[in-house]
Amino acid sequence: MEELFEEPSTKFVELLLPVPIPKLFTYRVPHALQDHVQVGQRAIVQFGDRKILTGVIATVHQLPPKDYEAKYVLELLDDFPVVIDQQFRLFYWIAEYYLCTLGEVLNASLPSGLKLSSESMVQLNPSFNYDESTLEFSEKETILLKRLQSESLDYSAISKLLGVKNLFSILKSLVRKEAILLYEEVKEKYRPKTEKKIRLTSPNTNAKKLEELFKTLASKPKQEAILLRYLQEVPVLNDTSANILGISKKKLLTEDISESSLVTLIKHNILEEFEVVVSRFDTTEKETGISSQLTPEQLHAQREIIESFVTHPVTLLQGITGSGKTEIYISLIKQALEGGSQVLYLLPEIALTTQIVHRLKKVFGSSMGVYHSKFSDNERVEVWNGVLHGKFRFVVGVRSSIFLPFDNLGLIIVDEEHDPSYKQQEPAPRYHARDVAIMMGQMHHAKVLLGSATPSLETYYQAQQSKYGFVRLNTRFGEAQLPAVQLADMGQERKQKTIKGEFSGMLLKKIDEALSRKEQVIIFQNRRGYSPMVNCEDCGWVPTCVNCAVSLTYHQFRSALVCHYCGYKEALPTQCPVCTSTRLKTVGYGTEKLEEELTLHFPNAIVQRMDLDTTRSKAGYENIIEQFERGETNILVGTQMVTKGLDFDHVSLVGIFNADRMIHFPDFRSYERAYQLITQVSGRAGRKSKPGTVVIQTSSPDHPLLITILKTNIEEFYQSQIKDRQQHDYPPFTRLIEITVKHTDKKLCRTSADLLTRLLQTHLQGVRILGPAEPMISKIRNQYLMNILIKIPRGKSDLGAIKAAIQNTILQLTKEKEYRSLRVVVDVDPM
Ligand SMILES: [Zn+2]
Ligand SMILES: [Zn+2]
């Protein structure tokens with residue numbers, strides 16, 4: 001009988017917390033929340049003695065932990081799950097495959113606006129107005145809102161202000177009323193986008209008053225026209241509330257209406273101007289649903305892709321630059337959306353998005369979400385929730401968009417799949433978005449299309465082996481032909497003394513010709529700054545970074561020496577600190593120096609530079625692109641940013657610097673990278689109608705790679721590379737795992753790397769362990785580095801067991817007191 005009266009048993013949750021500890025954490029659900037708790041909701045808990053964290057509920061159960069008393073969940077943040085089942089499965093897979101913790105995956109996936117913690121900052125929502133709000137607020141909420149009108153506050157300041165310890169119910173309520181926003185202090189603050197609007201001042205909204213107005217304006221036709229147009233667009237007389245919303249200024253000012261007449265009407269207090277906050281994702285561009293017609297070649301490729309998907313859910317589309325891959329994507333996306341499924345379109349980085357997003361917006365309008373690294377957190381939250389609630393069924397975004405809450409993906413496109421920026425380097429999870437996308441495709445039973453003019457060798461090999469489908473698109477869009485590639489032999493030009501500064505006579509002549517034909521030029525140099533090194537001509541002294549084992553790069557515009565690895569900066573000394581000589585000279589050249597030389601050689605040309613230094617803000621980047629598109633810039637100098645899929649119609653010449661450095665870089669991928677970079681940047685020359693020219697400056701004109709590029713024989717190049725990789729046991733024939741041991745003490749770094757290598761040798765079977773070896777840059781941010789490389793033969797070994805053994809071995813080492821301060825970084829499939 002007793003069982004019948006038993007208390008409902010207490011619920012516990014396993015929480016995924018954003019901490020780098022490889023486990024879930026058990027918390028007890030308070031009585032009041034028992035009926036509301038669900039997997040995928042966010043919960044606020046105390047972690048350790050002082051920290052407050054937001055976690056995500058991974059499971060709900062009724063088993064109390066055996067050996068300790070579980071703490072209570074403080075608050076649930078959501079009524080519904082914000083992390084869904086498919087995401088959990090993906091997070092588990094990423095943690096297991098890339099050897100990192102679930103907490104690290106969670107940290108990378110959730111925008112910090114969704115992660116309320118004791119480090120959160122609180123600000124007033126810019127679109128919220130306390131005085132006009134009709135919502136009800138408690139006394140404490142009112143105190144807080146009034147204070148937030150003048151400043152943003154952090155958690156402890158609010159706690160002090162209100163005299164309460166547990167703020168979460170208050171903050172949750174205010175977030176729900178859309179009165180406040182949360183953000184992390186380190187991040188850029190949310191700046192709302194505003195729009196200027198026009199409306200009648202309130203005395204002018206009744207019929208009688210309007211009649212009078214028209215009489216007074218009878219002799220002022222321009223002002224009368226504005227008023228008429230306003231009344232046409234905003235039916236004030238039928239609906240007085242329409243006037244409150246007014247009309248956007250842009251919409252009111254059509255061709256035949258001048259701004260000065262509008263200003264007069266505002267001055268006379270007939271109309272007024274006001275500002276409203278608009279969503280960044282609302283565009284005036286209306287969805288047209290219209291995409292351009294596919295050419296016969298594109299149509300053919302599209303049919304081949306659809307056929308290939310039947311047998312090969314992962315298919316490679318290899319289409320040369322300018323063949324119109326985007327048009328095919330658009331058509332496939334439309335089909336998938338019409339079929340009722342979601343679509344994810346991945347792009348390597350912001351550099352590519354501007355132009356493509358404009359194009360896609362025209363077709364898909366506001367049903368498309370954009371997720372990108374330069375967006376603030378609150379914008380990211382907007383997209384996250386939009387996907388969750390079905391507002392965005394199509395998302396175009398950078399690598400982190402794989403973490404969004406998709407529940408029904410039908411198609412994933414990975415554009416420029418060869419691009420190394422799909423791989424996250426720091427911090428963990430060190431995932432490759434293309435490879436994760438392929439896994440997501442399996443989980444969702446979605447089709448995955450990998451697109452590139454120059455596929456990665458791994459992908460190409462899988463396609464060639466029929467593991468992936470393989471579709472080729474070889475015709476360039478329109479009439480354009482592939483550019484002619486010419487080598488400028490620097491050795492010979494040096495003898496003939498035709499080199500000026502860093503420029504070959506050949507390239508200077510071609511630039512001159514292009515400019516006189518009013519055509520544009522792109523100069524590519526994969527190194528920013530003025531010169532990568534400064535050097536004392538008398539004693540050979542070179543300034544190096546105090547934190548890293550690298551020489552400092554000279555930046556002329558900042559007149560400083562800068563470390564590209566840690567950001568350390570110092571002034572350029574006027575004399576050598578070793579021998580007091582004043583003969584300090586710059587060695588080598590970066591984009592900044594090329595820009596300077598170009599303005600000297602071509603004083604009438606407008607030269608712009610596009611690299612990390614000129615594009616720190618989203619606007620900076622867009623301005624440079626737009627000015628170049630409009631033809632206001634004649635020459636664009638840039639780092640690899642200029643290689644990435646941008647379409648410019650009037651570029652007829654591309655100059656490539658420092659090809660030699662790319663070719664001779666000591667890495668098994670350097671040939672592939674150089675080939676891809678040179679081919680991609682060459683693709684910028686000669687688009688729609690004119691064939692272009694590419695000039696590569698080199699001291700090794702006989703290098704086999706350059707000869708391959710001259711012949712543009714991509715098949716031959718891939719075949720020779722595949723043979724090479726097979727011979728030397730590199731991917732795709734082996735899997736690589738790189739382990740980096742880091743410590744501030746050089747000796748300890750070395751001895752522990754030696755010890756770890758020996759331990760791995762005893763614990764791992766059937767693999768090759770190389771190292772430990774000092775990497776090219778042996779110290780970064782005061783940490784000495786040692787690398788260990790593990791080569792695992794494909795298909796022959798139990799990858800899961802090997803990874804588990806690696807993890808256990810590292811754990812075994814770092815448990816020892818001596819090695820506790822050691823940092824060990826594991827990178828699966830390093831790039
Ligand atoms: Zn010196
Ligand atoms: Zn440094």
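Start at 1 and go down the list; that is how both ligands and their atoms are numbered. What you see is a predicted model, and the numbers here were worked out from it, not measured in a lab. Only this structure's heavy atoms are used, side chains among them; waters, hydrogens and symmetry mates stay out.
For Tyr431 and Phe403, the distance between ring centers is under 6.0 angstrom.
In this structure, His703 contributes its side chain and Leu705 its backbone to a donor-acceptor pair below 3.5 Å. Looking only at distances, no side-chain donor or acceptor of Glu493 sits under 3.5 Å from a matching main-chain atom of Ala488. Without hydrogens or angle criteria, Thr580 side chain to Cys576 main chain gives no donor-acceptor distance under 3.5 Å.
A search for side chain to side chain donor-acceptor pair (under 3.5 Å) contacts involving Gln556 returns Glu596, not counting sequence neighbours.
A salt bridge links Arg669 to Glu458: at least one charged side-chain nitrogen sits closer than 4.0 Å to a carboxylate oxygen. A salt bridge links Asp538 to Arg583: one of the charged nitrogens lies within less than 4.0 Å of a carboxylate oxygen.
Protein N/O/S atoms found under 2.8 Å from the Zn ion (ligand 2), listed by chain and residue number: Cys545 SG, Cys548 SG, Cys563 SG, Cys566 SG. Listed by chain and number, the protein atoms of type N/O/S under 2.8 Å from the Zn ion (ligand 1) are Cys536 SG, Cys539 SG, Cys576 SG, Cys579 SG; waters are omitted.
Note: Phe668 and Tyr730 have parallel aromatic rings, judged against thresholds of 30 and 60 degrees for the angle between ring planes.
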Result block: side-chain N/O donor-acceptor pairs under 3.5 angstrom for residues 769-786, not counting sequence neighbours:
| residue | atom | partner | partner atom | Å |
| --- | --- | --- | --- | --- |
| Glu774 | OE2 | Arg750 | NH2 | 2.5 |
| Arg781 | NH2 | Tyr565 | O | 3.2 |
| Asn782 | ND2 | Asn547 | OD1 | 3.0 |
| Gln783 | OE1 | His743 | N | 3.4 |

